[in-house]
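What follows is a short report on a single structure.
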Protein chains: 2
Amino acid sequence: MDCIIFGFQRGELKVLLQQRPFEPHKGEWSLMGGFVQENENLDDAAIRVLTELTGLEGIYMRQIGTFGSINRDSGDRVISVAYMALLDIDQVDDKLNRQHAAHWENIGEVPHLLFDHNQMVALAHRRLRESIPTRPVGFQMLPPLFTLTQLQNLYEAVLGEKLDKRNFRKRIGEMRFIEKTDQIDKLSSRRGAALYRFNYDHFVKGEQPFKL
Amino acid sequence: MDCIIFGFQRGELKVLLQQRPFEPHKGEWSLMGGFVQENENLDDAAIRVLTELTGLEGIYMRQIGTFGSINRDSGDRVISVAYMALLDIDQVDDKLNRQHAAHWENIGEVPHLLFDHNQMVALAHRRLRESIPTRPVGFQMLPPLFTLTQLQNLYEAVLGEKLDKRNFRKRIGEMRFIEKTDQIDKLSSRRGAALYRFNYDHFVKGEQPFKL
DNA sequence: TCAAAAGTGTTAAGTTTACACCCATGA
DNA sequence: TCATGGGTGTAAACTTAACACTTTTGA
């Protein structure tokens, strides 16, 4: 399996890449991946690889697609299931990243990657773009408490377009599961901005399709 | 890989099921599946299995998802990639179907299937429902020339709800790639109904998101 | 006192929905 | 001549998009 790990930092949507630590193709940029063990669920393999690289658990993950061309891997015949993860970059253990020669790259500046990994990134990005306006997806890349401006910047980075502030807030207001807390963020502005959080209890699965 | 094959007949959305021809679980209802060969692209394996069962080529196919729980298969460890196919039931070689102990079952009446095949059917049906209003998908289950009433019946069967005839036709009219021919179908009504066809040339990939 | 980000409503445009009758034909 | 399915338009409800100023506060 291979893992497309998205994060958000300084207004940019980023992907975690690593320099392949072994031959063949040692040093080339690629996604983080691994092999599914005989006694391991496919989904658990994805979680294991993610945890190895980031030290994080309980991360949002989703299957993206399976790539199975005969010669996609230059060595053995390998079929790979791609997973997408969304996480808060600031919670990642930087030391682990360095150990794995991993690096956060802006989505618009991803270099040539090993095998079909560029295709995987493109597909994951498309899925993310398609989902973010209608599904409870995105704030996984923000800290647990976030301001609406941060959330809007995130949406803009994912969609690659500017959004109208008032329309954005109107829609967020309709989403029950993004709730205002009584806490104020004083770091990002003099005036201070209300902090919001995601509330899973207010998200009824299958209900609540929402749009932006 | 396993294959969810959809068809449309007498107002009903149907899935092709087969009675498993070998032990273990011989005789139980299941999806048609097969193993990816060492020298075969994953997608080609899906096409091969579909052709074995139906005798058809050039059929619409799409990857649905990959199922990889440890014990999903009662025998060996098997990870399965599910594919969905859409085809015109009347073009299927009936003899081949009988040879494979295959049977078209209404989507609402699918019995208990082997392993996680019910989940696969549910996922494929969901994807089909999600796609049909926005993507050029559906008419693959009709003959090359079809009337708007046939098309509407198909949409209603997939979505599980009645649609308004005038609104339906208004929207179809906006879709460039569903074009009227000068041919008339005299079988379904005394008056005769205009026949339409799908025109790939008028479908620009990535453009034309359409809704119903 | 001013720079910087937060917060807040209204109107026009566009889209979606609901709805009912006449037409053409073969039996 | 009538039963059957084919074909057609409009108005109301709703949704989306465009738009600009006031507030708060720390430096």
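Everything numeric here is computed off the predicted structure, so don't read it as measured data. So that the names make sense, note that chain A is the first sequence line, chain B the second, and so on, each numbered from 1.
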- [ ] Using whole Å, report how far CG of A:Asn153 lies from C1' of C:dA5.
- [x] 11 Å
Task: Nearest-0.5 Å distance, CD1 of residue B:Ile89 to CG of residue B:Asp94 - done: 10.5 Å
TODO: Would you mind reading off the distance between A:Leu187 atom CG and C:dA6 atom C1', rounded to a whole angstrom?
DONE: 15 Å
Open item on the list: Under 3.5 Å, is there a donor on one side chain and an acceptor on the other for A:Gln91 and A:Asp88?
Closed with: yes
Task: Whole angstrom value for the distance that separates P of D:dG5 from CZ of B:Phe146 - done: 20 Å
TODO: Side chain of A:Lys186 only, please: which of D:dG6, D:dT25, D:dA3 is the nearest?
DONE: D:dT25
- [ ] Give a yes or no on whether a donor-acceptor pair under 3.5 Å exists between the nucleobase atoms of D:dT8, that is its base, and the side chain of B:Lys170.
- [x] no
Open item on the list: When you measure only distances, ignoring hydrogens and angles, does the side chain of B:Arg191 come within 3.5 Å of the base of C:dA24 through a donor and an acceptor?
Closed with: no
TODO: Determine, for A:Arg126 against A:Glu130, whether the closest basic-nitrogen to carboxylate-oxygen distance falls under 4.0 angstrom.
DONE: yes
Open item on the list: Angle between ring planes, B:Phe198 versus B:Phe139, binned at 30° and 60°: parallel, tilted or perpendicular?
Closed with: parallel
Task: Per A:Asn167 side chain, nearest of listed nucleotides D:dA18, C:dA20, D:dT4 - done: D:dA18
TODO: Determine the contact category for B:Thr147: base if any of its heavy atoms lies under 4.0 Å from a base atom, sugar-phosphate if only primed atoms, P, OP1 or OP2 are that close, otherwise nothing.
DONE: nothing
Open item on the list: Rounded to whole Å, how long is the line connecting atom CZ of A:Phe168 with atom P of D:dT15?
Closed with: 20 Å
Open item on the list: Over 60° means perpendicular and under 30° means parallel, so tell me whether B:His103 and B:Trp29 are parallel, tilted or perpendicular.
Closed with: tilted
Task: Whole-Å distance separating the CD1 atom of B:Ile172 from the C1' atom of C:dT16 - done: 16 Å
Task: Side chain of B:Ser188 - closest among C:dG26, D:dG6, D:dC19 - done: D:dG6
Open item on the list: Which is more 5' along DNA chain D, the nucleotide nearest A:Ser189 or the one nearest A:Arg166? Just name the residue.
Closed with: A:Arg166
- [ ] Report the residue (B:Arg190 or A:Leu148) whose heavy-atom-nearest nucleotide on DNA chain C is the more 5′ of the two.
- [x] A:Leu148
Open item on the list: Without decimals, in angstroms, what is the distance between A:Leu163 CG and D:dT16 P?
Closed with: 14 Å
Task: Rounded distance (Å) that lies between atom C1' of C:dT10 and atom CZ of A:Arg169 - done: 18 Å
- [ ] Quickly work out the B:Asp185 CG to C:dG26 C1' distance and round it to whole Å.
- [x] 15 Å
